[in-house]
Amino acid sequence: MKKLVLMAVAVMLILAAVVAWETTREPAREPLPVNTRMGGDFTMTDQRGEAFHSDALKGQVVLLFFGFTHCPDICPATMARMTQLYKNLEAAGQADDVQMVFITFDPERDTPEHLSQYLTWFHEDIIGLTGSEEQVEQVAKQFGVVFMPVGEDSQGGVEFAHSDFVYLLDRESRVRKLYPVDADLKEMQDDLLTLL
Amino acid sequence: MICLRCFDRVRALGPLLALSLAVLAPLSHAGEIDEPELLIDNMWLRAVPPVSSNTAGYFSVTNTSDEPVTLLGFSTDIAAAGELHTMAPQDDGTRRMQRLPDVPVPAGETVHFAPGGHHLMLFRLTRPLEEGEQVELCLEFDVTAPYCLPFEVRR
Ligand SMILES: [Cu+2]
């Protein structure tokens with residue numbers, strides 16, 4: 001009887017060890033699927049006032065997000081989180097081939113100069129893009145971004161309703177994943193590293 | 001600070017209560033837990049670049065009393081105007097800011113003002129805010145004197 005109990009305990013210990021090993025082991029990562037419905041070439045103006053073609057992003061893994069600098073809640077929150085992610089990558093020596101890109105859909109107020117002042121405060125490596133209304137509309141369409149001026153707020157400022165995803169682009173500028181604004185930074189970093 | 005609205009309510013409850021509240025009110029506004037009824041914590045303002053003229057403030061309020069309380073607004077020296085806002089989801093999947101006339105805090109419940117949801121909207125900052133500094137905001141409720149508390153500026 002004693003032997004039986006001992007054997008049962010031994011079997012259970014082995015099982016527990018196997019389960020523990022299985023669950024702590026890094027799962028083999030499936031490559032991120034390519035989103036073929038989004039993306040494409042675009043031309044805009046960067047925060048130095050110079051023409052910017054999307055070809056300049058090829059070879060880099062890109063974190064792309066849209067917004068407007070007069071937005072006080074979601075956009076600065078996203079900016080702060082993406083900057084944090086980038087700083088984490090920098091600290092790990094993994095940021096060299098990573099590029100953050102912010103595209104405004106409020107070109108009237110977000111002039112290159114304003115964008116430059118706004119973005120530099122977060123991080124000097126962020127590319128800020130503005131352009132004509134047509135250019136903004138085109139790039140928004142390419143990435144399925146919905147934005148709409150919704151009239152003035154009570155203080156006379158134009159307000160936009162907008163979708164607020166962050167786009168992860170691979171070295172060939174293909175969209176590989178979309179994240180909600182409150183996505184887990186560690187998950188984003190892990191995903192991003194698979195593209196480097 | 002004297003809140004006339006509060007005294008209106010108090011008057012209805014009788015002069016004796018009014019007197020006791022008037023005596024107690026000045027004692028009740030120190031630190032995060034001030035007053036038996038409302039517990040306010042996690043107060044912060046979002047640090048924004050100096051070129052930004054608007055920002056948002058966040059906090060949590062717990063109503064530990066058995067009476068409903070309503071947040072009516074707030075005041076501060078550092079912005080030309082202040083409003084209660086929320087982010088309202090639209091039919092097309094986008095979200096937009098929307099002004100709230102007031103925010104009820106039911107008895108026994110906690111209401112969170114947090115990024116992506118309710119926020120205190122500060123319009124036209126009178127000066128750029130420094131990360132780490134404490135800024136005083138006075139939250140105005142219907143049945144209490146204003147709660148004037150430090151909000152930490154952070155990213
Ligand atoms: Cu707002």
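Labels below follow one simple rule: chain letters A, B, ... track the order of the sequence lines, proteins then strands, and each chain is numbered from 1. Computed from a predicted structure; not experimentally measured.
Rounding to the nearest 0.5 Å places CZ of R155(B) at 4.0 Å from CH2 of W121(A). Between atom SG of residue C71(A) and atom CE of residue M87(B) there is a gap of 6.5 Å, rounded to the nearest 0.5 Å.
Heavy atoms of V181(A) lying under 4.5 Å from chain B belong exclusively to its side chain. Looking at A47(B), the atoms closer than 4.5 Å to chain A (heavy atoms on both sides) sit in the backbone and in the side chain alike. Looking at D164(A), the atoms closer than 4.5 Å to chain B (heavy atoms on both sides) all sit in the side chain, from C-beta outward.
Counting non-hydrogen atoms of other residues, nucleotides and ligands closer than 6.0 Å to CD of E133(A) gives a total of 12 or fewer. Atom NZ of K141(A) is surrounded by 12 or fewer heavy atoms from other residues, nucleotides or ligands within 6.0 Å. Around the CD atom of E124(A), the shell of radius 6.0 Å holds no more than 12 heavy atoms that belong to other residues, nucleotides or ligands. Counting heavy atoms of neighbouring residues, nucleotides and ligands inside a 6.0 Å radius, atom CD of E90(A) exceeds 12 of them. Heavy-atom contacts from other residues, nucleotides or ligands closer than 6.0 Å to CG of D77(B) number 12 or fewer.
Between chain A and the options R99(B), M97(B), M121(B), Q90(B), heavy-atom pairs under 4.5 Å are most frequent for M97(B). When the candidates T120(A), T69(A), I74(A) are compared by the number of heavy-atom contacts under 4.5 Å with chain B, I74(A) comes out ahead.
A distance-only check finds no donor-acceptor pair linking the side chain of D73(A) to the backbone of P115(B) [under 3.5 Å].
Each of E113(A), H114(A), H70(A) was evaluated against V51(B); a single residue qualifies, H114(A), per the side chain to side chain contact (heavy atoms under 4.5 Å, CB included) test.
Under a hydrophobic clustering in which Ile, Leu, Val, Met, Phe, Trp and Tyr are joined whenever their side-chain heavy atoms come within less than 4.5 Å, directly or via other members, I126(A) and V136(A) fall into different clusters. Residues F65(A) and F160(A) do not share a hydrophobic cluster, defined by chaining ILVMFWY side chains whose heavy atoms lie under 4.5 Å apart.
A heavy-atom distance below 4.5 Å is not found between the side chains of H85(B) and P72(A).
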